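Each ligand, and each atom within it, is numbered from 1 in the order the structure gives. Keep in mind it's a predicted model, so treat the numbers as computed, not measured. Counting begins at 1 with the first residue of the sequence.
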Amino acid sequence: MSVELRPGLIHHPGFLDEAARMRLAGEVAAVLRASPPFTPRMPRTGKPFSVRMGNAGPLGWVSDEGGYRYQPTHPETGEPWPAIPPMALAAWDRLAGDAPPPEACLINLYGPQARMGLHQDRDEEDFTAPVLSLSLGAPALFRYGGLARSDPTRSVRLQPGDAVVIGGASRLAFHGIDRLYPEPGLLAQDLLPGLLPAGGRCNLTLRRVRPHHAVT
Ligand code: SIN
Ligand code: MN
């Protein structure tokens, strides 16, 4: 079952069942143990985000006083990012159509009070491929609008295991997370032990960053 929220913005409720969520969470935990989460900062002001982040794949998204960008190494350790979790790649194969493989998997870690302001995903060099979002942990209120910041917005609650494809006419749609609905349940508590506070949420976004050049 899937729901077209607006053209190109497709919500797949319950895309990952509980077993798949647990497997993905284990893979994400392994990434974050090898490559520790960092706190991104706003360009220019240096104000810290409320969301902590990690990355997997050849490129990772980072933000600091120097701006938003993709880079092949961790901003603090200087190490390359770990490989993208196989469960995330499998989701891309099922939901991203004929897009070339993702190059970046951004891991957003939301404590119970964290949020993410309305923004566009537009740091990629090519917008042909969709962005694929996978949610684990606490439910969250996802707000989405149009291609202009001033366009009207609507909201939908994302549950653990939900996927959202941000593509086509919505590839540059504004979106953000207004709030979490922390649940003291076991799953939320044990989602990423030692990496995420109880009641937290983890969202992965898979992105193609550079254009795909066919090999001839
Ligand atoms: C994002 O826009 O990078 C994350 C969205 C989400 O956490 O669902
Ligand atoms: Mn985004």
Side-chain angles (χ1 to χ4, degrees), residues 3 5-6 8-16 21 24-25 28 32 37-43 48-57 59-63 67-70 84 88 91-92 95-96 102-124 127 129-147 149 151 153-168 170-182 188 191-192 195-197 199-209:
V3 183
L5 301 173
R6 47 168 275 134
L9 185 66
I10 318 291
H11 181 202
H12 297 268
F15 177 74
L16 299 173
R21 295 198 296 273
L24 178 59
V28 170
L32 296 175
F38 61 95
T39 300
R41 300 185 298 278
M42 288 298 289
F49 284 39
S50 61
V51 175
R52 286 168 62 72
M53 294 184 177
N55 282 285
L59 292 171
W61 188 88
V62 302
S63 177
Y68 303 138
R69 63 191 178 274
Y70 283 95
I84 297 179
W92 180 271
L95 295 179
E103 296 172 291
C105 175
L106 175 64
I107 302 169
N108 289 144
L109 298 171
Y110 295 80
Q113 304 301 326
R115 53 183 291 280
M116 187 174 289
L118 210 62
H119 67 278
Q120 293 168 297
D121 286 7
R122 60 168 192 199
D123 299 318
E124 301 72 32
F127 302 129
V131 170
L132 171 62
S133 143
L134 299 170
S135 292
L136 297 171
L141 193 62
F142 177 76
R143 180 189 291 273
Y144 60 93
L147 305 187
R149 182 176 287 280
D151 286 347
T153 62
R154 303 179 70 169
S155 296
V156 64
R157 207 182 276 220
L158 297 184
Q159 302 287 347
D162 286 8
V164 179
V165 177
I166 306 171
S170 288
R171 176 62 182 76
L172 292 174
F174 276 85
H175 61 277
I177 293 292
D178 283 349
R179 58 161 298 185
L180 264 57
Y181 298 94
L191 180 65
L192 296 168
L195 295 161
L196 186 65
R201 170 174 184 262
C202 174
N203 173 267
L204 309 184
T205 41
L206 293 141
R207 298 111 183 269
R208 177 78 199 184
V209 178

- Query: Under 4.0 Å from any heavy atom of R201, which atoms of ligand 1 are there?
  - Reply: 6 (C), 7 (O), 8 (O)
- Message: Could you tell me if N108 and T205 have a donor-acceptor pair between their side chains, going purely by distance under 3.5 Å?
- Response: no
- Decide yes or no for N203 and Y110: does some side-chain heavy atom of the first lie under 4.5 Å from some side-chain heavy atom of the second? yes
- Item | Donor-acceptor contact present, side-chain R21 to main-chain L16, <3.5 Å | yes
- Please check if any side-chain donor atom of S50 sits under 3.5 Å from a side-chain acceptor atom of R115, or the reverse. no
- Tested for side-chain contact (heavy atoms from CB on, under 4.5 Å) against V164, the lone hit among I10, L9, L132 is L9
- Output the list of atoms in ligand 1 that are nearer than 4.0 Å to some heavy atom of H175, sorted by atom number. 2 (O)
- For ligand 1, note which part of M53 has a heavy atom under 4.0 Å away: side chain, backbone, both or neither. neither
- Query: With only distance considered, is D121 within less than 3.5 Å of ligand 1 through an N or O on each side?
  - Reply: no
- Message: Please check whether S135 reaches ligand 1 - meaning an N/O of the residue sits under 3.5 Å from an N/O of the ligand, judged on distance alone.
- Response: no
- Message: So, 4.0 Å and heavy atoms of R207: is ligand 1 close enough to count as a contact?
- Response: yes
- Any donor-acceptor pair under 3.5 Å linking the side chain of E103 with the backbone of V209? yes
- Going by heavy atoms in the side chains, are Y70 and E124 under 4.5 Å from each other? yes
- Query: Which ligand 1 atoms, with their elements, are less than 4.0 angstrom from a heavy-atom of Y110?
  - Reply: 4 (C), 5 (C), 6 (C), 7 (O)
- Task: For residues I166 and P130, determine if any side-chain heavy atom of one lies less than 4.5 Å from a side-chain heavy atom of the other.
- Result: no
- Message: Can you confirm if the NZ or CZ of R6 lies within 45° of the ring axis of Y144 and under 6.0 Å from the centre of its six-membered ring?
- Response: no
- Out of V131, N203, T205, who gets a non-hydrogen atom closest to atom 6 (C) of ligand 1? N203
- Output yes when a side-chain donor or acceptor of R52 lies under 3.5 Å from a complementary backbone atom of P37, and no otherwise. yes
- Query: Does R122 have any side-chain hydrogen bond (donor to acceptor under 3.5 Å, both in side chains) partners at least two apart in sequence or in another chain, and if so, which?
  - Reply: Q120
- Before signing off on this row, confirm whether S133 and ligand 1 have an N or O atom pair separated by under 3.5 Å. no
- Query: What are the protein N, O or S atoms, given as residue plus atom name, that sit under 2.8 Å from the Mn ion (ligand 2)?
  - Reply: H119 NE2, D121 OD1, H175 NE2
- Task: With heavy atoms of N108 as the reference, note each atom of ligand 1 found under 4.0 Å away.
- Result: 1 (C), 3 (O), 4 (C)
